[in-house]
Number of protein chains: 2
Amino acid sequence: MNQQRPQKKTTIYDLAELAGTSASAVSAVLNGNWKKRRISSQLAEKITRIAEEQGYAVNMQASLLRREKSRIIGMIVPKYDNRYFGSIVETFEIMARARGLFPIITCTLRDPDLEIEAARTMLSYQVEWLISTGATDPDRITDICLAAGTRSLNLDLPGTKATSIISDNFAGARELTKRTLINVEQKSGAMAPLLFIGGRGSDHNTAERIRGFRMAHQDLGVPIEEHHILACGYAPEKAAQALSAMAASEGSVPRGMFVNSTISLEGVMRWIKSSPLFDAAPPIIGCFDWDPFVALLGHDIEMARQDVPGMLTAAFDIVEKGSGDTGKLIEIPPLFA
Amino acid sequence: MNQQRPQKKTTIYDLAELAGTSASAVSAVLNGNWKKRRISSQLAEKITRIAEEQGYAVNMQASLLRREKSRIIGMIVPKYDNRYFGSIVETFEIMARARGLFPIITCTLRDPDLEIEAARTMLSYQVEWLISTGATDPDRITDICLAAGTRSLNLDLPGTKATSIISDNFAGARELTKRTLINVEQKSGAMAPLLFIGGRGSDHNTAERIRGFRMAHQDLGVPIEEHHILACGYAPEKAAQALSAMAASEGSVPRGMFVNSTISLEGVMRWIKSSPLFDAAPPIIGCFDWDPFVALLGHDIEMARQDVPGMLTAAFDIVEKGSGDTGKLIEIPPLFA
DNA sequence: TTGAAAGCGCTAACAG
DNA sequence: CTGTTAGCGCTTTCAA
């Protein structure tokens with residue numbers, strides 16, 4: 001049984017006693033500024049050994065309370081259920097650690113209230129920066145941070161009150177749409193306008209992608225079908241429902257589609273699989289997002305892969321510079337295979 | 001410009017002064033035990049209002065230093081790059097919050113040294129429990145926790161020194177193998193032994209899955225091909241290499257395959273796509289793991305979906321009971337579509 | 001009903 | 001080279 005009752009933890013005072021020295025010596029040795037204090041390497045070694053033997057771990061709560069900077073950096077993220085956000089948090093952790101920062105991450109399930117609560121909790125933990133990823137109301141979070149004297153950054157979805165680092169949605173969507181239109185021409189002999197599906201019309205990214213979508217059609221001289229722009233939300237079910245409704249009312253669905261995320265793509269593919277409309281000719285899809293299995297498992301799906309390392313490098317540049325201009329927008333081009 | 005220099009943060013002393021009362025009253029009001037102290041609701045209201053106005057947030061470092069329990073629960077996880085781990089962290093966060101615990105998560109990139117370092121860092125933050133998910137050396141982590149008087153749990157991959165909650169790998173693999181063998185019979189007219197690919201022979205889960213794999217063959221009277229069991233590691237490239245090597249030396253690869261994870265499946269699918277061997281008849285696959293796109297995008301792939309909510313419910317039951325027997329193994333059956 | 005005061009474990013002057 | 005000391009912001013007796 002490891003019915004280990006939370007026994008009293010070893011402190012620097014315990015170590016000091018064991019080493020026959022003072023707590024401050026122990027503290028200095030254990031956090032590396034012992035040359036500055038010119039402590040004998042003998043003592044240093046002894047203290048280090050004893051600390052090891054006792055399995056000592058500093059109490060961060062106490063340490064941080066005393067220091068002026070926490071070196072904690074927070075991130076809130078909507079979900080962990082797709083490669084894009086997964087890659088964001090993984091890269092964030094790696095880059096934070098590489099800079100001596102301690103990353104804390106929390107997911108908000110796209111719930112606006114949870115978002116605010118999560119931001120407040122992060123502030124309680126004294127984060128030095130808060131990065132709001134894909135937040136529904138980034139400006140509200142920035143306000144809260146500002147009031148607490150904490151700096152913040154928006155990622156993926158922009159706000160107006162803090163620097164925002166996002167994909168270049170317009171240019172990315174324009175290129176993706178172009179590629180998809182050309183695929184349609186090659187596969188079915190003629191160009192035809194695409195269906196746009198997924199995302200919220202109210203969010204900046206979707207609006208910009210629709211703009212790029214339009215522009216690409218214009219570039220290639222293909223007329224747009226206005227009622228074929230369905231910003232029906234991101235959830236898979238929403239996309240499936242929208243397609244159902246269109247099939248019911250129009251009797252068909254365009255063969256070429258611009259799908260606004262892998263999340264929406266899940267619903268699109270599910271619906272396509274369940275419908276006889278594409279039995280003869282498979283759909284031709286462009287997806288603004290990337291997933292390895294989508295790339296590997298059949299179908300003709302072109303993807304725009306958002307440049308996560310690029311975005312986070314930009315974010316950490318700002319963190320390290322310590323600046324953060326109001327509402328500045330940094331756009332990182334997505335990558336094509 | 002939000003060149004917000006980390007201004008001095010508001011403390012309960014500031015609030016006390018503004019409210020014309022004492023810090024202890026503020027503290028009591030702000031953390032809800034003010035009826036116990038019979039503070040007038042008038043004062044309580046006033047304090048709450050002022051706190052709100054000032055955008056006050058408690059300093060957790062100070063609060064936790066004083067309290068005896070941190071109510072922080074830690075989890076280490078190898079990667080965020082697949083649905084299984086993504087779902088684990090998401091569910092973990094939700095369940096932790098529902099129980100009034102603050103979850104902190106860190107990923108270790110399957111790096112044994114990072115694993116240990118991450119565990120130590122978690123201890124520094126005074127976590128009350130540490131859940132090691134898919135750790136390469138869970139017992140080492142348990143030892144470190146034990147020395148610090150912290151309780152720990154293993155998830156996904158078992159250890160011998162703390163309770164482990166894992167999938168029922170043997171039964172799951174047996175069922176998955178059976179289903180895949182039957183698929184092979186239906187698709188190609190006759191049963192034939194499957195190829196086992198992915199995972200490390202040294203890890204408990206892979207060993208158990210291989211045992212289930214053997215048992216299912218035996219159940220159905222199909223002989224095993226010993227050299228068709230390739231525990232070549234999880235990484236996609238490893239799986240692809242192993243298939244290449246087999247194709248080179250034997251000139252063919254079995255049509256039916258048991259793939260040990262979606263991670264390995266990525267490599268398997270990539271190789272299959274690049275090889276002419278399956279141009280005529282597509283592979284028939286059983287995958288021990290689940291991914292929505294694999295389910296949707298063509299091919300005949302049977303999946304065993306690990307029961308993440310079931311596993312985490314078991315974990316939190318133990319956390320709430322406060323127990324944690326050495327080396328006890330709790331096996332949760334995976335789900336089939 | 002409320003306030004004063006001690007102290008959680010650690011760091012950083014400062015004094016030897 | 002090393003130890004003493006004064007807090008960091010908060011919670012929690014205890015006394016009023």
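Predicted, not measured: the structure shown is a model, and the values here were computed from it. Chain A is the first sequence line, chain B the second, and so forth, proteins listed ahead of strands; every chain is numbered from 1.
Contact annotation for T11(B): backbone-only contact, meaning every heavy-atom pair under 4.0 Å involves sugar-phosphate atoms and none involves a base. Residue contacts shown for L43(A) are limited to sugar-phosphate atoms, with no base heavy atom under 4.0 Å away. The residue S63(B) sits close only to the backbone: its heavy atoms come under 4.0 Å of sugar-phosphate atoms, none of a base.
Distances shorter than 4.0 Å separate some side-chain N or O of S40(A) from OP1 or OP2 on dT2(D). For the pair S27(A) and dT11(C), the criterion of a side-chain N or O lying under 4.0 Å from OP1 or OP2 is met. In this model, the phosphate group of dG9(D) is not approached by any side-chain N or O of Y56(B) to a distance below 4.0 Å at OP1 or OP2. Between N31(B) and dT11(D) there is a side-chain polar atom (N or O) within less than 4.0 angstrom of OP1 or OP2.
Comparing dC10(C), dG3(C), dG9(D) by their closest approach to the side chain of S24(B) singles out dG3(C). The side chain of I39(B) lies closest to dT2(C) when the candidates are dT2(C), dC8(C), dT11(C). Counting only heavy atoms from C-beta on, I12(A) has its side chain closest to dC10(C) among dG9(C), dC10(C), dT2(D).
For the pair N154(B) (side chain) and I165(B) (backbone), a donor-acceptor distance under 3.5 Å is absent.
A salt bridge links E53(B) and R49(B); the closest N-O separation between the charged side-chain nitrogens and carboxylate oxygens is under 4.0 Å.
Between Y80(A) and F85(B), the gap from one ring centroid to the other reaches at least 6.0 Å.
Place R66(B) and T21(B) on DNA chain C by their nearest nucleotides, and T21(B) ends up nearer the 5' end. If you find the closest nucleotide of DNA chain C to R67(B) and to S22(B), the one lying nearer the 5' end belongs to S22(B).
For the pair R71(A) and F102(A), the cation does not sit on the ring face, since its NZ or CZ is not both under 6.0 Å from the ring centre and inside 45° of the axis.
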